[in-house]
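Report on the following structure.
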Amino acid sequence: MKKIECIIRPEKFSELRQKLGDFGIYGLTVTEAAGCGLQEGKTGVYRGNEYEINLFPKIKIEMVLTEDMTGEVITLIKEICGEGNVGDGKIFVMPVEDVIRIRTGENGVGAISS
Amino acid sequence: MKKIECIIRPEKFSELRQKLGDFGIYGLTVTEAAGCGLQEGKTGVYRGNEYEINLFPKIKIEMVLTEDMTGEVITLIKEICGEGNVGDGKIFVMPVEDVIRIRTGENGVGAISS
Amino acid sequence: MKKIECIIRPEKFSELRQKLGDFGIYGLTVTEAAGCGLQEGKTGVYRGNEYEINLFPKIKIEMVLTEDMTGEVITLIKEICGEGNVGDGKIFVMPVEDVIRIRTGENGVGAISS
Amino acid sequence: MESVDMSWVMLGTILVFFMHAGFSMVETGFTRSKNSLNILMKNFLTISIGAVLYFIVGYGFMFGTDAFGFIGTDGFVLNGVEDIGFFIFQSMFAATCATIISGAVAERIKLNSYILLTIVMTAFIYPVVGHWVWGGGWLSELGFVDFAGSTVVHFTGAAGAIAAVMLLGARIGKYSKDGKSNVIPASNVPLGALGVFLLWFGWFGFNGGSALAADVTVVPHVISTTMLSASAAVIASAYYSSLRYKKIDASLTLNGALGGLVGITAGTAAVSLTGSIIIGLISGIVLVEGVAFVDRNLKLDDPVGAIAVHGACGIWGTIAVGFFATDGGLFYGGGATLLGIQALGVVATFAWTFIMTFIVFGVIKAVAGIRVSEEEEISGLDFAEHGSQAYELKDIMVTTPPARQSNTGPTGATLVERLDQLHGKSIKMD
Amino acid sequence: MESVDMSWVMLGTILVFFMHAGFSMVETGFTRSKNSLNILMKNFLTISIGAVLYFIVGYGFMFGTDAFGFIGTDGFVLNGVEDIGFFIFQSMFAATCATIISGAVAERIKLNSYILLTIVMTAFIYPVVGHWVWGGGWLSELGFVDFAGSTVVHFTGAAGAIAAVMLLGARIGKYSKDGKSNVIPASNVPLGALGVFLLWFGWFGFNGGSALAADVTVVPHVISTTMLSASAAVIASAYYSSLRYKKIDASLTLNGALGGLVGITAGTAAVSLTGSIIIGLISGIVLVEGVAFVDRNLKLDDPVGAIAVHGACGIWGTIAVGFFATDGGLFYGGGATLLGIQALGVVATFAWTFIMTFIVFGVIKAVAGIRVSEEEEISGLDFAEHGSQAYELKDIMVTTPPARQSNTGPTGATLVERLDQLHGKSIKMD
Amino acid sequence: MESVDMSWVMLGTILVFFMHAGFSMVETGFTRSKNSLNILMKNFLTISIGAVLYFIVGYGFMFGTDAFGFIGTDGFVLNGVEDIGFFIFQSMFAATCATIISGAVAERIKLNSYILLTIVMTAFIYPVVGHWVWGGGWLSELGFVDFAGSTVVHFTGAAGAIAAVMLLGARIGKYSKDGKSNVIPASNVPLGALGVFLLWFGWFGFNGGSALAADVTVVPHVISTTMLSASAAVIASAYYSSLRYKKIDASLTLNGALGGLVGITAGTAAVSLTGSIIIGLISGIVLVEGVAFVDRNLKLDDPVGAIAVHGACGIWGTIAVGFFATDGGLFYGGGATLLGIQALGVVATFAWTFIMTFIVFGVIKAVAGIRVSEEEEISGLDFAEHGSQAYELKDIMVTTPPARQSNTGPTGATLVERLDQLHGKSIKMD
Ligand SMILES: Nc1ncnc2c1ncn2[C@@H]1O[C@H](COP(=O)(O)OP(=O)(O)O)[C@@H](O)[C@H]1O
Ligand SMILES: Nc1ncnc2c1ncn2[C@@H]1O[C@H](COP(=O)(O)OP(=O)(O)O)[C@@H](O)[C@H]1O
Ligand SMILES: Nc1ncnc2c1ncn2[C@@H]1O[C@H](COP(=O)(O)OP(=O)(O)O)[C@@H](O)[C@H]1O
């Protein structure tokens, strides 16, 4: 099994989530994150003083998948979240040794199959 | 060393944390997350329009442990957080190559032993 | 490639981020977390009843780096975030199998080089 | 009636109305955000139902022709009532009394059961007490002094709150199995502080308007004693709480201001300015001790401190008149008679209100139930009873749910296109 | 003029001013936090520009010497105007009418285009309607009854809002491609609820002050009908919404209070107390249905429900006078004449205001554009138009950006020192 | 005294009291949430201590029998004072002057040191200035005009604030080592905006009430000039800030409203309506420039802009009378005499207040210290000084701590059971 972590633009989440569902993937965990990289910061002004915001709100999605699905899921993410603008985000693929479904105690693939 | 990531119901956190302490585990990192999977969404209504909430608030706990403890910790999580209702959550076991305690610079097991 | 996860004190983030930049590392993802370990809790009082706060706000930084950089980055984190007080935080080094830059689709090292 | 007197009473009316904004903000600020909508609805419905019912029956029971010194018997729907201004001024008081309960029972009471109680409170329980003291009933005959309602309005509300909380029980998690009182922190103290200011502001109308005329000999005195008592109470509760708990407790200091206002309400026109400061100082201490006593000894879970504010300080304020009244007070050589009458009034009011509320709410409990389910309480009353939440819901939480189905081989250039073919153009929601 | 009458009208003036605080809080609370600054600025500028312009031209058009029953022709800059108190009281009404629009167009309108519309509204469109009814114009000649402005102020504002929203379009994501009306939840309902209380409070000055004197025969009656109608409306919208949608909808109940206030504004002095309760009950239902109709049938995206509150209930309130006026109302044997005149007034006001607003705002749209860019709308108007945000920005979000450059071999004990040498002492910001 | 005049002054009193709600909300909204409780406590204690002390000594120093045109000498504890209404009205002003300082020193001052300063301010420093101008002192003899207190109340407060901030220093992170002024964003602008509305609302009582009678020739004029000046200032600061900084700065526009109110306070009864608009427009610009000057030139860290609002605009407002007074103003052919007297008054007031405050606060600094520890400042004053926080604390943050001990072999079915045996039934907290 693999864990896919992707960092995307918040406004893309809703569509990605739906498409993942269409694709048969319902299980995922989301956290609000902030990130930086090549994306240029934006300048604000408050009471006449300027300040720079150079961390951007991002959504971090974690999905644990079976090996065979990762490829297509990555393609899906790229297609939906890739605007072609700096800041679209990243996908990280990481190894997972085991998964347990707390409710049933079953582990391995059975723990994530719906 | 292993990293255990578990996604649980927020209301279970307090008890789990205490039991882990009783068990000798004090070190952990928590983040607020939201998740979905098999759990059914709930419907709200605002000004007469219905909407569906199908991401549920979850607590994500990360613990880096020595190999030998993972087994019992997993059992503990299952016992405390397993209500038997859909949405109880998951446990992911992942490899960790090294841990450093920033304060002392010590690494490996020494970095997480209290 | 490696993923470095570090848990630090929020007030250290600004300087660490800047130094990482000076060092040539701009890409990172941040999440607000809370943690506990050896750090002693603090006691508050509300309407005459005491309560204990024993989770402390922390900042979690995730950076995916090429193998060769991890060493220096860890040193940097230790130097900047190490106050020598309990609660300074931890660094976890974890394996990453692949990285994809959503915008371009390129993967591997190319996906994180700026 | 003189224009100037009418204007003054109408100003008072408007200000007392505004106190309901204060109650709402205090109660919303001192409780958890998952129950805010519910608390707001309770407050809006209380003032609304209170006003309408007081028009229909309450005013009659309170100011109608006296029967046995116990209750009024006519003037329902203002039949034959001349002074509409007096009615509307009084109607605001009725709702005030009822709304005091809403804070004490917050975060776990069933909305509809609460509404039933409010109906009985504003239509009957309160008007009867009101009749005794202000409607020519037996207490007024005895010479009981309660200028603006330390007892009639505030203590009556608190007595009802005690009965209600006893029947309702504490919020989940408030008391540990070993009886320890736990902390359930406030969600928005600044809003609560604003509420206290709104109440303080409105109180000038509550006390000042009770002169029922723009009387130059009474009104400035009333405004001054009201101001000084509240101020003294703030100082007292701030420093007494820091003495007792090492820190100046913000929420207790805010309660303290209200305690000082409740404390001066009975004697506002009868005591001297210096007297009002002393009454206020003591109110501030009574409040801090009152909260501790209710919370840790009586183990009555009162999220906003209503019982201490309106109950403890209400009693103190009523009794204080017996000591500080420049005319008839013990400290002014007036002997103990007045003191005795004041005490009697407090006891009688408690007996009537507590028993009546206990019976009424007990019946509601038996018949319809008064408490939300444990699950609803944990997830919050807002979503359960109102299908929504008080503060911003993150965009990502609201999405169109993915349709569940198996993949039947699609065709098309990109994965997305293929998926779209499967499902028809996907509806994207913001 | 009598001191007492002057005082009463000045009190009314101050209270009507305060309604703008209410509008601001309602609009801020019912919309998303990323647009809060923008909404607040709109409200502050509306009242400010409204007051100044009404002084310069508005008052003259409204109360100057009549020309053809259509418009006033002198008294600009208060030239030759005696009663300054009357002017300042009226100026608050002008701004009120304009600010009604700001809620309906919130979260997507360009600030400057909105300001232009506000200018025309307060300087010309509203004063003309005002002249017709209160300035001796043709409608007043016919005997049209609108005591405090259900039509003149509220419905005029709503008619303008309809035109503006039609030209502006809905917020992104409000309607799905298939026309489904989506939910865009409020960001701060407690603040919105406070706003409703502020408006209700101010409304006593709005209706009461419109007596233009501390008249003992009128004022207490007006205060009472205002209170009872609003109360009845709260009850009606709470229970009607729970009937229709299974839950007591908080934001609809809050709107309901305002609906009941708008509904009684025209007839506040003309109907009986009982009449006011009935008018209020119906207002509450009209409000709930009105919101549904505007949102799901007309598909006009009105984030705060301004069109339903001020439009639907404004019409109802004006017509209701024809039924409930104790003198001349249909239900009191007065026949249908008054009813007809009231209806005519509504139609005429709508025609004039809708058409004028449509033309003016249409021109602005063609010339300058009226809507912010899609990108600005998504990221929020606050940062785009004001460079800042309404609520706390996390410390970590604001940092001094790292200078970008390549590493040229540094020397020094620690990495940090070496880096510092490279860049000179680094500036650390909180 | 006439009932109607008394009523008007009492209304003014109540409204001025309400301004403290405004100050509290502005200061809470414009600062960081980790210091909100502390700011609220400062405000509640200021008004409370101010009222009590003004009763005990302040009123005597201000309005007692004059000595050398410098100070009053009797009437302490209102001894021999007839007009209680005048006292209570004045006492609200005293607290207002003191509370102005609290905003400027927010987020780093020690609560108790602040309280000490407030005591001296309300008991002595302010009453002396008040005596000079309103108590028959030397400035009033000269014919200095300050109708409601641009100088007496507002500028006095600002002068004290300057001294206090100089001694206190800036918040950590406000200024970079290189002297750059950094941004420390507000935590709740909507609350701050509400505060501005509350202040504006209360200001009608501040200026209107200062007529000390329901004088038909004065009051409507005062209400109108107050309204128009504030409105003009909002417009000016909004557009001037957008000119200077490319964006309509929300918090500067909010400050602008206050600047316009401070600016008209001295001349509200003396200038024409048109004059008031000009005064307001200039106030709006003075405010924006004033904030920039204080923040970036003087490098005085004033989180809420109190020094610019009450200081810069206070001076401008006082001087403006010399130009715009229809009777005696330079622009009305009155020559420069009045102008000179006004200027003299400003200088004298500054000298007295600044020096006194500097000495008093300097002594406190030397003796007790005036600033919280760096650690407390970083983690926030709320937890450090009040043991709690202003907004909701996440449930997960509050837990019963796990007891630390080593595992001694337990027995039992499940791990949990075994652990429980070890520790006795675990107490679970919500
Ligand atoms: N090396 C990295 N490690 C972890 N997260 C990263 C890394 N680089 C970028 N990110 C995340 O990806 C987001 C987008 O990266 P960025 O370089 O700005 O744009 P792009 O991916 O389009 O080149 C960043 O905001 C950050 O959250
Ligand atoms: N494949 C997955 N990857 C990551 N997180 C998951 C995955 N599946 C479920 N989760 C997380 O676990 C939570 C519970 O899963 P769910 O399927 O709803 O119930 P259960 O685990 O009882 O079957 C979800 O809310 C989500 O946060
Ligand atoms: N075993 C662990 N797994 C995950 N996170 C940990 C672990 N131990 C500590 N942490 C994180 O590191 C932070 C600091 O650890 P702590 O033991 O309190 O101080 P120190 O690292 O200085 O010994 C904690 O607040 C927690 O967020």
Side-chain angles (χ1 to χ4, degrees), chain E residues 1-7 9-11 13-15 17-18 20-21 24-25 28-29 33 36-41 43-45 47-52 55 77-78 83-88 91-92 111 188 191 194 198 382 385-393 398 400 425 427-430, chain F residues 2-5 7-8 11 15 32-33 171-174 176-178 180 182-191 193-194 196-198 200-201 204-205 208 213-216 219-221 223-224 227-228 230-235 238 245-251 253-254 257 273-274 277 378:
Chain E
M1 183 180 214
E2 288 292 316
S3 283
V4 60
D5 296 327
M6 180 278 293
S7 308
V9 176
M10 286 305 99
L11 172 59
T13 305
I14 298 171
L15 288 170
F17 164 79
F18 203 41
H20 289 274
S24 304
M25 296 302 112
T28 307
S33 59
S36 299
L37 292 181
N38 188 254
I39 283 159
L40 291 166
M41 286 299 99
N43 278 278
F44 271 90
L45 285 166
I47 170 75
S48 300
I49 290 170
V52 172
F55 165 69
V77 206
L78 295 201
D83 188 349
I84 296 178
F86 181 68
F87 149 71
I88 194 67
S91 69
M92 301 296 180
L111 184 54
N188 196 338
L191 208 61
L194 174 63
L198 299 179
D382 286 359
E385 296 214 331
H386 308 290
S388 181
Q389 65 294 314
Y391 295 100
E392 196 146 48
L393 183 66
V398 187
T400 46
K425 196 80 224 73
I427 294 111
K428 198 172 141 203
M429 177 173 148
D430 174 6
Chain F
E2 289 291 317
S3 283
V4 60
D5 297 327
S7 308
W8 180 253
L11 171 61
L15 288 170
R32 288 163 296 182
S33 58
R171 291 167 293 172
I172 294 170
K174 174 56 186 169
S176 308
K177 297 194 187 55
D178 62 354
K180 180 171 165 308
N182 296 318
V183 169
I184 300 181
S187 63
N188 195 339
V189 181
L191 209 61
L194 174 64
V196 171
F197 269 121
L198 298 180
W200 193 336
F201 174 63
F204 289 116
D215 183 334
V216 293
V219 172
H221 185 84
I223 300 296
S224 303
M227 181 67 197
L228 291 171
S231 301
V234 165
I235 298 168
Y245 306 123
K246 311 273 167 305
K247 309 266 185 186
I248 290 184
D249 189 293
S251 77
T253 305
L254 295 174
L273 299 193
T274 311
I277 292 178
I378 289 171

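Since we're looking at a predicted model, the values are computed, not measured. Below, read A as the first sequence line, B as the second, and so on, with proteins coming before strands; counting in each chain starts at 1. The figures here come from the full heavy-atom set of this structure, side chains too, leaving out hydrogens, waters and symmetry mates.
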| query | If you count heavy-atom pairs under 4.5 Å between each of F:Pro190, F:Ala193, F:Ala250 and chain E, which one has the most? | reply | F:Pro190
| note | Answer key: most heavy-atom pairs under 4.5 Å with chain E among F:Thr274, F:Ile378, F:Asp215, F:Leu194 is F:Leu194
Would you confirm whether [X], through its side chain, and [Y], through its main-chain N or O, come within 3.5 Å as a donor-acceptor pair?
| X | Y | value |
| --- | --- | --- |
| F:Trp8 | F:Gly208 | yes |
| E:Asn43 | E:Ile39 | yes |
| F:Lys174 | F:Asn182 | yes |
| E:Ser91 | E:Ile88 | yes |

Answer with side chain, backbone, both or neither: which region of [X] has an atom nearer than 4.5 Å to a non-hydrogen atom of chain E?
| X | value |
| --- | --- |
| F:Leu15 | side chain |
| F:Leu11 | side chain |
| F:Ile277 | side chain |

| Nearest-0.5 Å distance that lies between atom CD1 in F:Ile223 and atom CG in F:Leu228 | 11.5 Å
Under 4.5 Å from any heavy atom of chain F - which part of [X]:
| X | value |
| --- | --- |
| E:Gln389 | both |
| E:Tyr391 | both |
| E:Phe55 | side chain |
| E:Ser388 | neither |
| E:Leu198 | side chain |
| E:Ile47 | both |
| E:Ile49 | both |

| task | Would you mind telling me which of E:Gly50, E:Gly387, E:Gly29 has the largest number of heavy-atom pairs within less than 4.5 Å of chain F? | result | E:Gly387
| task | Find the one option among E:Val4, E:Thr28, E:Leu45 whose heavy-atom pairs under 4.5 Å with chain F are most numerous. | result | E:Leu45
| Heavy-atom closest contact (F:Ala214 atom, F:Asp5 atom, distance) | N-OD1, 2.8 Å
| query | Which residues satisfy the side-chain hydrogen bond (donor to acceptor under 3.5 Å, both in side chains) test with E:Asp382, sequence neighbours excluded? | reply | none
| task | Could you tell me whether the side chains of E:His386 and E:Asn38 share a donor-acceptor contact shorter than 3.5 Å? | result | yes
| note | Sorted by chain and residue number, the ring-ring contact (aromatic ring centres under 6.0 Å, His included) partners of E:Phe18 (sequence neighbours excluded) come out as E:Phe201, F:Phe201
